[in-house]
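Here the structure is laid out as structure tokens; the discussion comes afterwards.
Worth knowing before you read on, the calculation uses all heavy atoms, side chains too, and leaves out hydrogens, waters and symmetry mates. Residues take their numbers from the sequence shown, with the count starting at 1.
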Amino acid sequence: MGRPPAIAYIDGPRLQRSLRAGIAHLFQRRDYLNKINVFPVPDGDTGTNMAFTFKHILEATSGLSSPRVDELVAVIADAALDGARGNSGAIMAQYLEGIRGQVHGKRLISARRLALASQAGAAEAWKAMSKPVAGTLPTVLEDFSLELAAAVADGEQDIRVLLKRGLDRANASLANTPNQLAVLRQAGVVDAGGQGFVDLIEGIWAYVDQGVMEDLDRSLATDVAAADLVSTAEIDVGKHRFCTECVIEAEAIDRSELMERLEKLDASSLVVAGGPHRVRVHVHVNNPAEVYLACQEFGQIRQQKADDMTRQHGLLNHAGSVIVVSDSGGDIPASEVDRLGIYMVPVRLSFGAQEYIDGVSLTSKAFYSKLEAATEAPLTSQPPAQDFVRAYSLLTSHGYQVVSVGLSARLSGTTAAALQAASQFDAGAVNVIDSLSASSGQGLLAMMAAEAAVKGMTAEEIEALLEEMIPQTRVLAICDDLGYAVRGGRVPSWVKRVTNLLRINPVLTTGSRGELSFAGIIRGTRADVDALARLAVRKMSDDVYRVIISHANDPDAAEVLRRRILEKHGKVHSCHLTDAGPALGVHLGPGALIVAFAPQPDVLD
């Protein structure tokens with residue numbers, strides 16, 4: 001069999017087909033990349049981040065039919081910046097941005113132009129990093145590009161040959177990364193980001209050489225049996241807890257000036273990728289709000305997210321085969337989130353044009369201060385489905401089943417977003433449960449599910465437990481000023497007029513279908529702690545109960561409420577206090593009190 005025909009040029013369709021094949025192979029390698037991820041922190045998400053970055057590219061290019069390389073690359077570069085996740089995703093986005101500049105105005109590209117474009121991309125990848133580190137993804141990108149240039153210098157014009165030489169050099173560069181970076185050598189692995197790039201090129205090569213394209217419809221999960229590849233028990237995630245990202249848009253952005261501004265923060269792993277009008281920032285910090293405030297000086301923030309790397313790292317040692325996901329509308333005490341390994345997806349909210357992430361870029365105390373000073377009611381929004389997809393992807397890629405406990409679908413679109421996200425995974429991998437409750441009622445159910453998971457119960461057993469406990473879980477809430485509930489649209493304005501006239505205060509609850517309902521009336525128009533305690537205890541039987549009390553910036557009243565309940569009901573398994581987050585605080589206002597209670601399940605004794 002003779003040598004395959006030479007490839008003299010790449011046009012739009014060729015590039016699109018080849019890239020699709022590379023992305024398909026990268027998807028299949030995602031679990032492996034997660035398992036070898038130890039740098040810059042061992043948060044086990046490099047495969048997930050690279051898969052998401054390239055999934056965004058795949059979706060953006062799937063409907064295109066342009067014959068021009070420059071048009072296709074422009075879409076690819078924009079999509080990479082939009083969809084970039086993590087350190088590796090941001091670096092790849094900047095590599096593609098560099099390629100864009102070299103192919104501008106080109107309908108098709110030759111071997112020489114391909115080499116020039118890759119070199120430009122590698123140079124940009126290095127410049128995107130605040131503190132470049134040899135032995136990481138940019139090293140592999142650079143070595144790959146240098147080999148393409150060397151092949152062209154040797155007179156080679158066949159892009160097939162260029163690609164094979166570049167792949168061989170990239171593999172050699174990847175194998176050398178442990179010699180350049182001690183943390184890789186200690187863990188016995190290569191750089192995960194560099195491995196992801198090699199996997200992408202291997203998929204492209206398999207298609208170019210043999211016409212092989214793996215199934216893109218297959219789940220992103222893989223069969224890599226490498227659970228014991230990396231021992232991370234002794235590896236520290238570093239002094240910075242949150243992997244923080246945002247996109248900035250403006251007429252003109254000076255990336256160097258932006259990087260200099262961000263370098264003044266207490267931060268690490270800073271990558272600034274993009275062009276003059278649109279930039280993505282990736283950085284590790286303890287206070288994500290500082291990042292957003294700094295970025296706001298340079299333009300409009302369009303996207304923002306902050307992943308808790310400490311909790312992600314904890315997944316590697318999580319007991320049981322199931323992890324519980326909940327949204328921050330559940331008002332779960334932070335200590336219980338940590339103890340039980342619950343994966344939280346934060347609610348978004350905005351005051352005017354400024355968006356915040358609940359509990360990440362805005363604390364509960366700061367939220368209530370802003371709420372009292374606001375002239376217009378702030379808006380809350382459910383986490384986008386993509387936030388749930390990222391959470392589910394990370395967890396399933398580590399071999400866990402997911403039980404996701406959501407806010408009542410009658411009160412929010414959060415559970416609908418979770419269901420939409422779950423539909424992208426294999427049947428049984430992600431199980432979404434509508435709690436038919438809100439605030440600490442949802443939190444109680446999520447905590448029970450998480451305790452069951454730690455005890456080793458299966459997803460099916462946990463679902464059965466929640467089915468039993470949902471009808472027995474009650475949540476009661478009173479406002480200190482019913483006007484906030486009217487402004488937020490939860491209570492009709494006529495209710496406030498009537499209650500003011502009669503000097504009464506309705507007790508809010510969720511009904512049997514998860515709808516907002518009324519559980520009783522309290523005399524007086526303000527939050528009455530004693531009256532709420534009496535009503536809660538009346539609705540409890542003689543069983544042992546779990547209780548969570550949430551408060552809207554009134555910890556003293558919450559303490560009194562807890563004391564009253566403990567005095568009036570002698571069988572309390574636990575009684576936690578926690579802040580009521582924006583999901584409910586927007587509608588109930590400062591001073592509101594919420595109490596949720598449920599019988600102690602026998603299986604959790």
Side-chain angles (χ1 to χ4, degrees), residues 19 40 46 49-50 52-61 70-104 117-132 136-138 141-142 145 193 196-197 200 243-265 267-285 288 290-307 355 386 390:
L19 183 61
T46 292
N49 288 337
M50 290 197 81
F52 266 95
T53 302
F54 281 93
K55 182 174 182 286
H56 208 81
I57 293 171
L58 184 67
E59 291 170 346
T61 57
D70 56 355
E71 292 179 356
L72 180 61
V73 169
V75 173
I76 290 169
D78 285 341
L81 192 66
D82 280 342
R85 293 289 182 269
N87 190 285
S88 56
I91 291 170
M92 283 303 305
Q94 194 61 22
Y95 174 71
L96 294 167
E97 183 68 26
I99 289 176
R100 187 214 303 249
Q102 276 292 319
V103 303
H104 179 69
S118 188
Q119 282 185 293
E124 284 294 320
W126 280 116
K127 288 192 290 187
M129 302 176 69
S130 171
K131 296 178 180 177
T136 57
L137 172 57
L141 293 173
E142 181 179 50
S145 303
F197 176 71
L200 178 76
C243 176
T244 305
E245 295 182 348
C246 66
V247 170
I248 311 166
E249 292 183 356
E251 289 187 8
I253 302 173
D254 187 326
R255 285 201 303 125
S256 297
E257 187 179 339
L258 172 60
M259 184 173 284
E260 185 178 338
R261 172 69 177 85
L262 292 170
E263 284 173 338
K264 294 177 181 177
L265 302 179
S268 58
S269 299
L270 173 60
V271 180
V272 179
H277 309 298
R278 207 153 188 269
V279 166
R280 176 175 285 275
V281 170
H282 166 279
V283 65
H284 295 174
V285 292
E290 291 181 348
V291 177
Y292 304 138
L293 288 170
C295 290
Q296 203 170 289
E297 298 170 14
F298 292 82
Q300 184 71 38
I301 296 178
R302 297 298 186 192
Q303 300 177 25
Q304 53 182 299
K305 69 95 178 169
D307 290 329
E355 185 185 64
Q386 194 72 357
R390 286 177 44 244

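Contact record, A128 with Q94: CB-CG, 3.6 Å, taken as the closest heavy-atom pair. The nearest pair of heavy atoms linking A117 to V103 is CB-CG1, 4.1 Å. Here the shortest heavy-atom pairing between G83 and R280 reads N-NH2, 4.2 Å. Taking both residues in full, the closest heavy atoms of C246 and I301 are given as CB-CG2, 4.0 Å, listed atom of the first, atom of the second, then distance. Summarising the geometry of C295 relative to I248, their closest heavy-atom pair is CB-CD1, 3.5 Å, with the distance given to 0.1 Å. Between R85 and D82, the shortest heavy-atom contact is NH1-O, 3.9 Å.
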Open item on the list: Assess the residue pair E124 and R255 against the criterion (salt bridge (Lys or Arg N to Asp or Glu O under 4.0 Å)); give the C-alpha distance rounded to whole Å, side-chain angles, the decisive distance to 0.1 Å, and a yes or no.
Closed with: CA-CA 12 Å; E124 284 294 320; R255 285 201 303 125; 3.1 Å; yes
- [ ] Under the side chain to side chain donor-acceptor pair (under 3.5 Å) rule, what do Y292 and T244 come out as? Steps first, then yes or no, please.
- [x] CA-CA 9 Å; Y292 304 138; T244 305; 5.1 Å; no
Task: Derivation and outcome, salt bridge (Lys or Arg N to Asp or Glu O under 4.0 Å), residues D78 and R100 - done: CA-CA 10 Å; D78 285 341; R100 187 214 303 249; 2.7 Å; yes
TODO: Begin with the C-alpha distance, continue with both residues' side-chain angles, and end with the deciding distance and a verdict on side-chain contact (heavy atoms from CB on, under 4.5 Å) for V271 and V283.
DONE: CA-CA 6 Å; V271 180; V283 65; over 6 Å; no
- [ ] Report the C-alpha distance between E59 and K55 in whole Å, list the side-chain angles of each, state the deciding distance to 0.1 Å, and finish with yes or no for salt bridge (Lys or Arg N to Asp or Glu O under 4.0 Å).
- [x] CA-CA 6 Å; E59 291 170 346; K55 182 174 182 286; 2.6 Å; yes
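Annotation: side chain to side chain contact (heavy atoms under 4.5 Å, CB included) contacts of E71 (sequence neighbours excluded): S66, R68. For the salt bridge (Lys or Arg N to Asp or Glu O under 4.0 Å) test, residues two or more places apart in sequence or in another chain that qualify with E249 are R278, R302.
Side-chain contact check for H282 versus I91: every heavy-atom pair is 4.5 Å or farther apart. Looking only at side-chain heavy atoms (C-beta outward), L96 and L81 stay at 4.5 Å or farther from each other.
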